[in-house]
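This report concerns only the one structure given below.
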Amino acid sequence: QVQMVESGGGMVQSGGSLRLSCVASGSTFSSYAMGWFRQAPGKEREFVATIGWSGAIRHYADSVKGRFTISRDNAKNTVHLQMNSLKPEDTAVYYCAAGGSISTVVAEYNYWGQGTQVTVSS
């Protein structure tokens with residue numbers, strides 16, 4: 001069982017930056033692949049970024065590639081999402097998730113945080 005708590009969301013102007021953090025409980029954090037997903041009002045939850053257990057493998061959605069960076073610190077049971085050059089279309093609730101293997105698919109993740117709101121104004 002893994003419990004996660006996200007933080008770092010907020011309101012920012014277009015072109016600004018935010019850094020999301022997700023702290024996980026449990027001693028097995030380093031064995032999980034971690035992902036960030038987002039869900040805008042009226043839309044399905046969508047993949048943003050994922051990182052393997054060692055941090056060596058990372059994948060990004062095309063819509064955020066070059067602007068967002070996912071990282072993890074296994075010693076602190078934490079995964080981060082650095083978001084730069086934010087756009088209004090990045091507005092959503094952002095969720096971190098833990099799964100058995102790196103994946104872009106929502107259903108592949110077993111554990112989810114409660115989400116943190118990111119709002120980008122134009």
Side-chain angles (χ1 to χ4, degrees):
Q1 186 78 12
V2 178
Q3 293 182 326
M4 294 167 293
V5 178
E6 302 98 333
S7 62
M11 183 176 292
V12 65
Q13 289 189 331
S14 182
S17 298
L18 284 173
R19 188 185 193 218
L20 305 184
S21 297
C22 173
V23 180
S25 63
S27 60
T28 59
F29 173 81
S30 61
S31 67
Y32 286 98
M34 298 298 296
W36 284 98
F37 291 77
R38 66 187 182 187
Q39 188 165 16
K43 295 188 177 181
E44 293 187 353
R45 193 167 298 189
E46 66 173 8
F47 166 74
V48 174
T50 184
I51 187 167
W53 65 271
S54 72
I57 301 174
R58 312 177 194 197
H59 293 306
Y60 297 92
D62 288 343
S63 59
V64 307
K65 204 171 292 183
R67 300 187 299 121
F68 291 11
T69 302
I70 189 171
S71 62
R72 67 188 297 162
D73 184 342
N74 287 339
K76 296 182 179 179
N77 281 14
T78 301
V79 61
H80 299 287
L81 184 68
Q82 178 65 44
M83 305 186 296
N84 299 329
S85 302
L86 282 161
K87 305 174 181 181
E89 51 263 43
D90 294 317
T91 295
V93 177
Y94 283 71
Y95 299 88
C96 68
S101 60
I102 197 166
S103 175
T104 65
V105 178
V106 170
E108 295 292 321
Y109 289 82
N110 307 102
Y111 306 103
W112 292 84
Q114 83 290 347
T116 185
Q117 176 70 48
V118 171
T119 302
V120 184
S121 61
S122 57

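Below, all heavy atoms of this structure are taken into account, side chains as well, without hydrogens, waters or symmetry copies.
- Scanning both residues, S103 and E108, for their nearest heavy atoms gives OG-CG, 3.2 Å.
- Y60 and L86 fall within the same hydrophobic cluster, defined by Ile, Leu, Val, Met, Phe, Trp and Tyr side-chain heavy atoms under 4.5 Å apart, directly or through other members.
- Side-chain heavy atoms closer than 4.5 Å link hydrophobic residues (I, L, V, M, F, W, Y) into clusters, and following such links, possibly through other members, connects V118 to I70.
- Here the closest non-hydrogen pair linking A24 and V2 is CB-CG1, 3.9 Å.
- Legend: residues meeting salt bridge (Lys or Arg N to Asp or Glu O under 4.0 Å) with R67, ordered by chain and number and at least two apart, are D90.
- The salt bridge (Lys or Arg N to Asp or Glu O under 4.0 Å) search around R72 returns none, not counting sequence neighbours.
- Residue S21 holds its OG atom at 9.5 Å from CD of Q82, rounded to the nearest 0.5 Å.
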Would you list the atom pairs, donor with acceptor, under 3.5 Å between side chains in residues 29-36 and any protein atom, with sequence neighbours excluded?
unit_1	atom_1	unit_2	atom_2	d
S31	OG	T28	O	2.6

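- For the side-chain contact (heavy atoms from CB on, under 4.5 Å) test, residues two or more places apart in sequence or in another chain that qualify with S63 are R38, A61.
- Annotation: the span from I57 atom CD1 to I51 atom CD1 amounts to 10.0 Å, rounded to 0.5 Å.
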Evaluate the side chain to side chain contact (heavy atoms under 4.5 Å, CB included) criterion for residues E6 and L20: first the C-alpha distance (whole Å), next the side-chain angles of each, then the deciding distance (0.1 Å), finally the verdict. CA-CA 7 Å; E6 302 98 333; L20 305 184; over 6 Å; no

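- Nearest heavy atom pair, residue A49 against residue L81, reads CB-CD1, 4.2 Å.
- Rounding to the nearest 0.5 angstrom, the gap separating the NZ atom in K87 from the OG atom in S122 is 14.0 Å.
- The nearest pair of heavy atoms linking C22 to M4 is SG-CB, 3.6 Å.
- The two residues S14 and P88 come nearest to each other via the heavy atoms OG-CD, 3.8 Å.
- The CG atom of L18 sits 11.0 Å away from the CE atom of M11 when rounded to the nearest 0.5 Å.
- Using modelled atom types, no side-chain atom of T104 and backbone atom of F47 make a donor-acceptor pair closer than 3.5 Å.
- Evaluation of the ring pair (Phe, Tyr, Trp, His ring centres under 6.0 Å) test over residues 64-109, restricted to residues two or more places apart or in two chains, returns F37-Y109.
- Listed here is the closest heavy atom pair of T69 and R58: CG2-NH1, 3.9 Å.
- The shortest distance between side-chain heavy atoms of M83 and V64 does not fall below 4.5 Å.
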Quick one: do Q117 and T91 satisfy side chain to side chain contact (heavy atoms under 4.5 Å, CB included)? Show the steps, please. CA-CA 8 Å; Q117 176 70 48; T91 295; 4.0 Å; yes

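- Residues V79 and V93 are members of separate hydrophobic clusters, defined by side-chain heavy-atom contacts under 4.5 angstrom among Ile, Leu, Val, Met, Phe, Trp and Tyr.
- Residues meeting the salt bridge (Lys or Arg N to Asp or Glu O under 4.0 Å) test with K65, sequence neighbours left out: D62.
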May I have the step-by-step check of side chain to side chain contact (heavy atoms under 4.5 Å, CB included) for I102 and W53, ending in yes or no? CA-CA 8 Å; I102 197 166; W53 65 271; over 6 Å; no

